[in-house]
Trainee: 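First the structure, then my questions, so here it is.
From a predicted model like this one, the values you see are computed outputs, not experimental measurements.
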Amino acid sequence: MKGPDIALVWMKLDFGVPGIKQREFLTARRRFIGQTGTHYVFFNNLPSWNKHPPSKSLVRGKLCGTSGWIIRPLTDNTCEAMFFVMINFVGWMPNWLSAKFIEETTKMVLRIKRHIEKK
């Protein structure tokens, strides 16, 4: 693998549900390109430094391990993409809201697929 490109990513989730605190996630995103150029890996994990303490008004969620994408070209105009994530929202959250988040994540992947197919 060639050296990674690294970026700090901050994301805020507002569920719009009374009684459920907003969540924030801070991750270090890295990008690798395979030596032969046959696959691309984008993965997120928790930063190993503490220069960005949690916001006082938000609950900081946590990644459980690593999340990200693995993209592998198949032909000149097709590819295989795998998305993986496991998060801990930290604190109480109703099961139906967790299920809604999973549903929305799935829709995001499908929207990306449709966008790519238009090009």
Trainee: Per the ring pair (Phe, Tyr, Trp, His ring centres under 6.0 Å) rule, which among Phe84, Phe32, Phe83 passes with Trp69?
Mentor: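 Filter result, single survivor: Phe83.
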Trainee: So, the side chain of Arg23 versus the backbone of Val90: is there a donor-acceptor pair under 3.5 Å, distance only?
Mentor: yes
Trainee: Which pair of non-hydrogen atoms, one from Pro73 and one from Tyr40, has the smallest distance, and what is that distance?
Mentor: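 Looking at all heavy atoms of both residues, the closest pair is CG-CE1, 3.8 Å.
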Trainee: Roughly how far, to the nearest 0.5 Å, is the CZ atom of Arg29 from the CG atom of Asn45?
Mentor: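 Interatomic distance, Asn45 CG to Arg29 CZ, rounded to 0.5 Å: 11.0 Å.
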Trainee: For the atom pair CG (Leu8) and CG (Asn44), what is the distance rounded to the nearest 0.5 Å?
Mentor: 10.5 Å
Trainee: Honestly curious: do Phe89 and Met108 fall in one hydrophobic cluster under the side-chain, below-4.5 Å linking rule?
Mentor: yes
Trainee: Assess whether salt bridge (charged side-chain N to carboxylate O under 4.0 Å, His left out) is satisfied between Lys12 and Glu24, documenting all intermediate values.
Mentor: CA-CA 4 Å; Lys12 177 181 165 185; Glu24 69 174 349; over 6 Å; no
Trainee: What is the distance from atom CZ of Phe15 to atom CG of Leu97, rounded to the nearest 0.5 Å?
Mentor: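 CG of Leu97 is found 5.0 Å from CZ of Phe15.
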Trainee: Atom SG in Cys79, atom NE2 in His39: separation rounded to 0.5 Å?
Mentor: 14.0 Å
Trainee: Can you hop from Val109 to Leu63 via hydrophobic side chains spaced under 4.5 Å?
Mentor: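 Yes, because Val109 and Leu63 connect within a single hydrophobic cluster, where side-chain heavy atoms sit under 4.5 Å apart.
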Trainee: Is Phe42 reachable from Ile33 through a run of hydrophobic residues whose side-chain heavy atoms are each under 4.5 Å from the next?
Mentor: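 In one cluster with Ile33: Phe42, yes.
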Trainee: Val17 and Trp96: side chain to side chain contact (heavy atoms under 4.5 Å, CB included), yes or no, with the steps?
Mentor: CA-CA 12 Å; Val17 178; Trp96 66 267; 3.9 Å; yes
Trainee: State, to 0.1 Å, how close Phe43 and Val41 come at their nearest heavy-atom pair, and which atoms those are.
Mentor: CD2-CG1, 3.9 Å
Trainee: Which value, rounded to the nearest 0.5 Å, describes the distance between Phe101 atom CZ and Ile87 atom CD1?
Mentor: 4.0 Å
Trainee: Given the rule in the side chain to side chain contact (heavy atoms under 4.5 Å, CB included) test, do Leu58 and Leu13 qualify, once you have shown the distances and angles that lead to the verdict?
Mentor: CA-CA 9 Å; Leu58 304 171; Leu13 296 177; over 6 Å; no
Trainee: So with a 6.0 Å cut-off around CG of Asp14, is the heavy-atom count from everything else above 12?
Mentor: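 For Asp14, atom CG is crowded (more than 12 foreign heavy atoms under 6.0 Å).
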Trainee: State the CD1-CE distance between Ile70 and Met82, to the nearest 0.5 angstrom.
Mentor: 4.5 Å
Trainee: Which heavy-atom pair separates Ser98 from Met93 by the least distance, and what is that distance?
Mentor: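 Result for this residue pair: OG-SD, 4.0 Å.
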